[in-house]
Amino acid sequence: MAINLEFYNTLNRKKEVFEPLNPPNVGMYVCGPTVYGDPHLGHARAAIVFDVVFRLLSHFGYKVRYVRNITDVGHLENDADGGEDKIAKKARLEQLEPMEIVQLYTDQYHKAMDALNMLHPSIEPRASGHIIEQIAMIEEIMENGFGYEKDGSVYFDVVEYNKKNHYGKLSGRVVEELLDNTRDLEGQDDKKNSVDFALWKKAQPEHIMRWPSPWSVGFPGWHLECSTMGAKYLGSPFDIHGGGMDLLFPHHECEIAQSQAANKQDPVKYWMHNNMITINGQKMSKSLNNFITLDQLFEGDHEALDQAYAPMTIRFFILQAHYRGTLDFSNDALKAAEKGYRKLMNSIATASKLSPGEKSTSDIPALVENCEKAIKDDLSTSILISHLFEGVRITNSVKIGEETISKGDLSLLNKMFEDYAFNILGFQAEADQTGQGVIGPLMDLILDIRQDARVNKNFDISDKIRDALTTMKITTKDEKDGTSWTYDE
RNA sequence: GGUCGCGUGGCCGAGUGGCUUAGGCACUGGUCUGCAAAACCAGUUACAGCGGUUCGAAUCCGCUCGCGACCUCCA
């Protein structure tokens with residue numbers, strides 16, 4: 001099943017033809033959220049990008065198992081806080097059970113993902129549910145000579161590993177340089193070398209989340225869960241591993257090292273990384289405290305926001321940029337996305353009601369081919385969208401009689417919108433505009449009354465009705481064959 | 001400090017050697033309309049700076065300036 005799909009592989013720093021290890025099956029693992037805070041725009045970008053990869057692969061006939069984890073064990077806060085678990089810390093602050101926090105923010109995340117019309121992953125494993133597997137993996141690593149214990153904690157011996165393997169193959173780091181450059185940390189560390197990282201951490205007394213292990217009562221290290229769960233559900237090696245660029249180092253680098261050390265296998269064939277969302281040119285992140293949560297975006301409840309933005313506006317905004325470039329947030333950009341998206345959706349609705357003519361004045365098959373070419377070229381969603389807008393122009397031109405389209409091409413055009421706008425890009429038509437229940441007939445009545453007024457040139461009445469409807473966010477359009485209306489939420 | 005990346009028109013954002021008018025938004029003019037809205041047509045504003053390679057560069061190379069990411073939890 002060669003479909004000429006190309007992805008940029010971070011591992012080799014170039015675009016490569018995608019060839020799954022076991023066609024037609026594809027295994028994809030994506031780093032999910034650490035559930036200790038509200039999901040923000042950055043989470044949305046990663047999730048949307050790989051949602052499109054998932055949809056794309058499925059659309060072209062692959063059988064995809066998509067695994068996206070929930071990190072509910074929490075990573076170490078930093079080296080200086082005694083190994084305190086991030087989730088545990090938050091729990092104490094808010095006087096809640098750690099698992100309460102986890103539940104709360106997992107729910108928030110799911111809610112936001114659903115609003116953004118994300119397909120659910122095939123499996124959404126939790127780190128806390130895989131402690132046993134993680135311990136087993138640490139034992140493998142130790143047996144193979146790449147892990148050592150110190151005071152109940154276990155560390156990965158990067159220097160030893162690097163003798164026969166290449167630590168840094170993904171991120172381009174050089175161990176010797178890392179050793180030179182790492183700052184001294186007051187020697188409060190049990191690590192042999194500063195580049196070593198924790199596989200298991202002994203819990204401090206105040207540390208709430210803890211599990212028994214052969215070494216101590218504690219918790220697994222930062223990078224282990226992805227290695228473990230990826231191998232468990234997708235095998236080793238598997239096809240695609242995705243995540244944000246900020247996870248490239250050290251997280252993904254460590255994943256490779258651990259997996260290689262435990263399973264003697266390079267774990268992943270294609271590494272894909274989405275770039276960051278910036279605000280005023282700066283990365284949006286928890287630590288900089290300049291992030292905007294998805295709820296704030298949907299509600300317009302943030303000082304940086306002029307208004308609320310619908311989930312689909314966010315989705316469109318994100319997909320209008322290529323996933324490997326940074327994307328700068330601004331109200332103007334979001335407003336532009338909102339208008340553009342609405343235009344696209346209106347036109348798609350129009351296309352479904354178009355009447356075919358004798359022949360086509362535009363080359364629809366070529367347009368469809370361009371769409372396919374774009375999305376297969378390293379997920380060039382921005383170019384795909386520009387082609388969809390060519391479809392918009394054709395649709396609207398046919399509607400006003402400037403162009404014609406054959407019956408066959410019309411169904412091709414509609415299929416193109418269906419396939420690319422909805423199935424692959426994952427856009428979603430907004431609330432049913434034909435009107436449900438009583439709304440439709442009611443609107444018919446109102447517009448009928450207004451039409452009578454217009455025929456009688458009683459424009460005071462007709463404009464009064466239109467103005468009132470506009471206030472309710474209902475836009476009316478007087479067209480040749482009657483008045484249409486749309487509701488903009 | 002080390003490693004890597006970026007700088008495109010009013011805004012966002014594609015494009016990597018020679019017509020891409022990319023596309024969206026905004027703006028201007030026109031068509032349509034009772035007026036609008038929507039739509040269509042036309043138009044305006046570019047490739048950070050300097051130098052080099054080349055018949056030809058936004059696109060390759062060098063330098064300068066500016067910005068950012070990673071090196072610490074982060075999508």
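Note on naming: letters A, B, ... go to the chains in the order of the sequence lines (proteins, then strands), and numbering restarts at 1 for each one. The basis for the numbers below is simple: all heavy atoms, side chains too, and nothing from hydrogens, waters or symmetry mates.
Across every non-hydrogen atom of A:Arg55 and A:Phe422, the tightest pair is NH1-O, 3.4 Å.
Position along RNA chain B of the nearest nucleotide to A:Arg13 versus A:Ile385 favours A:Arg13 as the more 5'-ward residue. Both A:Cys31 and A:Thr278 sit near RNA chain B, but only A:Thr278 has its closest nucleotide nearer the 5' end.
Using a 4.0 Å heavy-atom distance criterion, A:Gly242 is classed as making no nucleic acid contact. Across all strands shown, A:Thr470 has no heavy atoms under 4.0 Å from either base or sugar-phosphate atoms. Within 4.0 Å of A:Phe459, counting heavy atoms only, lies at least one base atom of the nucleic acid. Counting any heavy atom pair closer than 4.0 Å across all strands shown, A:Leu327 reaches sugar-phosphate atoms only and no base atom. Using a 4.0 Å heavy-atom distance criterion, A:Arg466 is classed as a base contact. The residue A:Met245 sits apart from the nucleic acid: no heavy atom pair falls under 4.0 Å. At the heavy-atom level, A:Ser382 lies under 4.0 Å from base atoms of the strands shown. Residue-level contact check: A:Lys335 touches neither bases nor backbone, having no heavy atom under 4.0 Å from any strand. When heavy atoms are screened at a 4.0 angstrom cut-off, A:Ser462 is found touching base atoms of the nucleic acid. Counting any heavy atom pair closer than 4.0 Å across all strands shown, A:Gly340 reaches sugar-phosphate atoms only and no base atom. Counting non-hydrogen atoms under 4.0 angstrom, A:His322 reaches the backbone sugars and phosphates but no base.
In terms of polar N and O atoms assigned as donor or acceptor, the side chain of A:Asp478 comes within less than 3.5 Å of the base of B:C35 in a complementary pairing.
The distance between atom CD1 of A:Ile277 and atom P of B:C74, rounded to the nearest whole Å, is 18 Å. Rounded to whole Å, the distance from CG on A:Leu425 to C1' on B:G24 is 14 Å. Distance, A:Lys14 NZ to B:U16 C1': 18 Å, rounded to whole Å. When the P atom of B:C74 is taken as reference, atom CG of A:Leu41 falls 19 Å away, rounded to whole Å. Rounded to a whole Å, the CG atom of A:Asp460 is 15 Å from the C1' atom of B:A36. Distance A:Ile394 CD1 to B:C41 P: 10 Å, rounded to the nearest Å. Rounded to whole angstrom, the span from the CD1 atom of A:Ile314 across to the P atom of B:G24 amounts to 21 Å. What separates CD of A:Glu479 from C1' of B:C40 is a distance of 13 Å, to the nearest Å.
Minimum atom distance to the side chain of A:Lys343 is reached by B:C25, of the listed B:G34, B:C11, B:C25. Comparing B:A37, B:C25, B:U3 by their nearest atom to the side chain of A:Ala336 picks out B:C25. Of the candidates B:C35, B:G2, B:A75, B:A75 carries the atom nearest the A:Lys283 side chain, counting heavy atoms from C-beta on. The A:Asp246 side chain lies nearest to B:A75 when the options are B:C12, B:G34, B:A75. For A:Asp463, whose side chain is taken as the heavy atoms from C-beta onward, the closest listed nucleotide among B:G13, B:G34, B:G68 is B:G34. Comparing B:G13, B:U3, B:G23 by their nearest atom to the side chain of A:Phe389 picks out B:G23. Picking from B:U3, B:C71, B:C12 the nucleotide with the shortest atom distance to the side chain of A:Ala333 gives B:C12. Ranking B:C40, B:C11, B:A75 by closeness to the A:Asn274 side chain, first place goes to B:A75. Listed candidates were B:C25, B:A38, B:G23. Nearest to the side chain of A:Gln320 is B:G23. Among the nucleotides B:C71, B:C74, B:A14, the one closest to any side-chain atom of A:His43 is B:C74.
A salt bridge is absent between A:Lys335 and A:Glu338; no separation between the charged side-chain nitrogens and carboxylate oxygens falls under 4.0 Å. In this structure, A:Lys111 does not pair ionically with A:Asp107, as no charged nitrogen and carboxylate oxygen lie closer than 4.0 Å. A salt bridge links A:Glu372 with A:Lys376; the closest basic N to acidic carboxylate O contact falls under 4.0 Å.
Checking the phosphate oxygens (OP1, OP2) of B:A26, a side-chain nitrogen or oxygen of A:Lys339 falls inside 4.0 Å. For the pair A:Ser397 and B:A39, the criterion of a side-chain N or O lying under 4.0 Å from OP1 or OP2 is not met. Taking 4.0 angstrom as the limit, A:Arg393 places a side-chain polar atom (N or O) nearer than this to OP1 or OP2 of B:C41.
Panel note: side chain A:Arg68, backbone A:Gly32; no donor-acceptor pair is recorded below 3.5 Å. Judged purely by atom type and a 3.5 angstrom limit, A:Thr470 uses its side chain to pair as donor or acceptor with the backbone of A:Arg466.
Ring centroid separation for the pair A:Phe54 and A:Tyr66 comes in under the 6.0 Å cut-off. Checked against the 6.0 Å centroid criterion, the rings of A:His322 and A:Tyr8 do not qualify as a close aromatic pair.
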CA sep, side-chain torsions, deciding dist, call: A:Ser360, A:Asp409, side-chain hydrogen bond (donor to acceptor under 3.5 Å, both in side chains): CA-CA 7 Å; A:Ser360 300; A:Asp409 280 348; 2.5 Å; yes

Working for salt bridge (charged side-chain N to carboxylate O under 4.0 Å, His left out), residues A:Asp478 and A:Arg450: CA-CA 11 Å; A:Asp478 298 329; A:Arg450 177 163 172 272; 3.0 Å; yes

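For the P atom pair drawn from B:C47 and B:U33, the interatomic distance equals 42 Å after rounding to whole Å. Comparing the C1' positions of B:U16 and B:C60 gives a spacing of 9 Å, expressed to the nearest Å.
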5'-to-3' dot-bracket of RNA chain B (Watson-Crick, G-U; under 3.5 angstrom; crossing pairs as [ ]; | other strand): (((((((..(((.(...[.)..))).(((((.......)))))....(((((..]....))))))))))))....

